[in-house]
Amino acid sequence: MKELARENYLAPGHNACPGCGVSIAVRLILRAIGNNVIVVSPTGCLETFTSPYGMSAWEVPWVHSLFENAPAVASGIEAALQYKGNPDTQVVVIGGDGATFDIGLGSLSGMLERNHNILYICYDNEAYMNTGIQRSSATPLGASTATTPVGSKSYGEALPKKNMLTFALAHNIEYVASAAIAYPRDLMNKVKRGLDVKGAAYLHVITPCTLGWGFEPDETIELSRLGVQAGIFPLVEYENGELTGVRKIKELKPVKEYLSSQKRFSHLEEAEYEKVKESIKEMVRQNVKKYGLLEQ
Amino acid sequence: MQGSIAVAETIGALEPGVIGVYPITPQTHIVEHLARLVANGAINSRYINADSEFSAASILYGAASAGVRSYSASSSQGLLLMTEVIFNMAGTRLPGVFSAVNRSLSPPINIQVDHQDTMTLRDSGLIQIYVENIQEAVDTHVQIYRIAEDREVLLPAMVCMDGWIISHAYEPVTLWREDAIKEFAGSYDPPFKVDPRKPLTYGALTDDDRITEFKYMVDSALCRAEDKIVQAAELFREEFGNFHGDVVEKYYTEDARIIIVAMGSVVGTIKEAVDRLRAGGKKVGLLKIRSFRPFPAAAVKELLRGAEMAIVIDRSFSASAGGILGSEIKANLYHQNGPVLFNYIAGIGGRELYPHSIMEIVQESETAFTKDCVPDGAVFYNLNEELL
């Protein structure tokens with residue numbers, strides 16, 4: 001892809017917060033897809049900020065049914081298109097981490113296992129941001145949220161983040177990848193690759209959230225890049241279960257820099273939370289080893 | 001032929017484009033038979049083994065939004081798991097069709113019939129028709145698509161057939177020619193569907209400035225379905241000869257002093273009881289509620305007006321508030337010099353109701369009526385006090 005397409009199928013004037021990572025991701029995703037698509041979204045930030053009645057931002061057909069059923073609704077649409085003999089129209093789900101990791105997990109598993117011709121894209125802002133920053137199973141260790149607040153007996157989220165790439169891979173689907181908005185060409189290429197697959201594909205996109213993570217609206221892209229370069233969010237690609245692509249890092253940025261740039265981790269500066277920080281660093285070491293993140 | 005197979009053959013002949021399934025007893029024979037039809041190439045439907053009833057219903061949502069006719073069947077807990085989706089289909093006016101093979105709800109776990117499962121869906125905007133026997137189950141499945149998919153209606157619809165008594169019983173049944181019922185059902189041609197050539201947004205967010213109007217439109221669409229049910233029943237009688245009632249069926253109601261009100265397979269038992277009571281000179285009649293949603297308010301009012309006593313037999317109840325059908329009939333008769341109303345909760349979890357059970361209920365009610373000691377609320381029929 002030499003030139004970025006200029007089409008914009010997510011109209012401006014929607015209600016996303018300034019600096020919203022999701023709106024940036026979705027604009028890029030739709031540019032990569034084009035307009036011969038039906039998009040299904042579960043309840044969540046994206047649904048809320050794009051679809052006030054009479055003010056839809058969607059320039060492509062878009063369906064929102066419930067929080068936990070987008071993959072099944074998409075399955076029904078895909079089956080209907082096949083029944084009608086219209087296999088060229090793409091069916092894409094774009095859903096948040098709450099819908100993906102938690103409440104819609106069963107429905108997602110069913111869709112992936114049945115191998116519908118659907119690209120599932122998770123925009124991951126690492127908590128239930130739409131309802132006011134409650135933890136999801138995508139919330140990282142140590143993060144303070146409305147339901148994992150820091151207190152005398154709590155250092156924030158006590159559990160490590162669920163690994164959705166491994167979950168997707170367990171369904172033996174052809175294509176599984178992760179992407180970040182700081183790398184738009186990579187993101188768009190992965191969307192296109194996911195669409196090329198004749199069957200289910202899973203793409204995980206990290207979308208920093210100014211409110212939930214606690215940073216300034218003009219820092220969204222930088223934070224996305226920092227997460228990748230600190231080894232927190234490896235950008236990888238699996239084809240037929242094999243790791244075939246890894247975005248290498250020249251020099252690993254310090255985890256401390258990533259944590260200290262966000263209010264949700266600000267309590268970790270205290271010496272008493274050294275163990276938590278050590279666990280996060282250990283996770284990065286594992287990522288580096290597992291994916292071979294560092295350039296040799 | 002077995003009830004489930006007769007229904008599956010009928011749905012197969014109508015060939016919905018997308019079938020979403022998840023197994024639960026006693027519904028399974030229907031979807032198993034449809035699976036065989038697909039496996040043998042007899043029908044061209046996309047048959048999707050879903051990961052739950054919730055997803056099965058959601059698959060219907062997707063298919064209907066893309067303009068394709070869809071079908072599923074379920075029972076009991078499965079219907080409750082579908083509940084959120086069914087409200088959602090009604091709210092976005094998507095007409096998927098469901099067979100509900102009625103079964104009790106847990107706990108205690110029980111696989112026998114009552115109506116608690118489907119009655120729990122009554123506030124959703126779903127069309128619900130309760131059938132009495134296998135032939136009516138077949139004929140109602142032929143009628144249901146044209147009702148649900150009518151542009152003035154566009155709502156999900158459910159044919160409710162009692163588990164085992166209808167689904168697993170064998171009765172002589174007439175199945176109809178495929179081309180004839182396909183023509184009767186018509187084609188699903190919604191005014192809106194998801195289509196990249198004409199991008200539309202489905203399931204938008206609304207505030208208090210618009211939501212009441214959307215809810216009102218669901219309510220009025222369901223009300224409009226009443227005429228469509230009547231028309232479908234009449235047209236079916238013209239073309240196929242069978243008639244099982246429209247929104248209601250009357251059985252000796254004209255001169256009846258006592259009218260029993262009920263739905264589902266127990267109606268057949270009550271007809272037998274009415275025959276026996278009539279033979280003994282008692283002026284008893286039966287009002288079968290065929291369409292519970294839309295609720296046939298005018299017909300109920302009209303038919304019960306002249307009776308002295310109405311006895312509603314309920315196979316479901318709203319805890320602390322009485323039988324569900326009984327409560328609705330009672331509300332319907334308010335401000336009217338109608339009959340004295342008796343409400344029995346009976347036949348729960350498959351507990352058998354015989355003609356003599358019905359005759360006993362009539363006798364008991366008459367005695368209470370004569371002595372002027374009508375029970376305040378609903379009565380659980382035939383409770384075994386030793387178990388309480």
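In what follows, every chain begins at residue 1, and chains take the letters A, B, ... in the order their sequences are listed. Note that this is a predicted model, so its numbers are computed, not measured.
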Contact origin within [X] toward chain B - heavy atom pairs under 4.5 Å:
X: A/E59; value: backbone
X: A/E113; value: neither
X: A/A79; value: both

Could you tell me if the side chain of B/F54 sits less than 4.5 Å from the side chain of A/L66, heavy atoms only? yes
Please output the residues of [range] in contact with chain A, using a heavy-atom cutoff of under 4.5 Å, in numerical order.
range: residues 212-220 of chain B; value: B/F214
range: residues 17-39 of chain B; value: B/G17, B/V18
range: residues 55-88 of chain B; value: B/S55, B/S58, B/I59, B/Y61, B/G62, B/A63, B/S65, B/A66, B/V68, B/E84, B/V85, B/N88

Of all of A/S107, A/A72, A/G106, which one pairs up most often with chain B through heavy atoms under 4.5 Å apart? A/A72
Heavy-atom pair count under 4.5 Å with chain B, highest-scoring of A/G104, A/P71, A/A70, A/S65: A/S65
Could you grab the distance from atom CH2 of A/W62 to atom OG1 of B/T201, nearest 0.5 Å is fine? 6.5 Å
Here the gap from B/I211 atom CD1 to A/Y53 atom OH, rounded to the nearest 0.5 Å, amounts to 12.5 Å
Please classify the contact between B/N49 and chain A as side chain, backbone, both or neither, with a heavy-atom cut-off of under 4.5 Å. backbone
What verdict does the side-chain contact (heavy atoms from CB on, under 4.5 Å) test give for A/R114 and B/D51, after you've listed the backbone C-alpha separation in whole Å, the side-chain angles of each residue and the deciding distance to 0.1 Å? CA-CA 9 Å; A/R114 294 188 301 266; B/D51 43 282; 3.1 Å; yes
Could you tell me which residues in residues 83-91 of chain A have at least one non-hydrogen atom under 4.5 Å from a non-hydrogen atom of chain B, sorted by residue number? A/Y83, A/K84, A/T89
Check whether more than 12 heavy atoms from other residues, nucleotides or ligands sit under 6.0 Å from atom CZ of B/R151, and answer yes or no. yes
What is the minimum heavy-atom distance between B/P199 and A/V60, and which atoms define it? CB-C, 3.6 Å
Just to verify, which of A/V37, A/I38, A/N35 counts as forming a side chain to side chain contact (heavy atoms under 4.5 Å, CB included) with B/P196? A/I38
Identified side chain to side chain contact (heavy atoms under 4.5 Å, CB included) partner of B/I48 from the options A/M111, A/H116, A/E78: A/H116
Heavy-atom pairs under 4.5 Å with chain A - which of B/L94, B/D207, B/D195, B/T92 has more of them than the others? B/D195
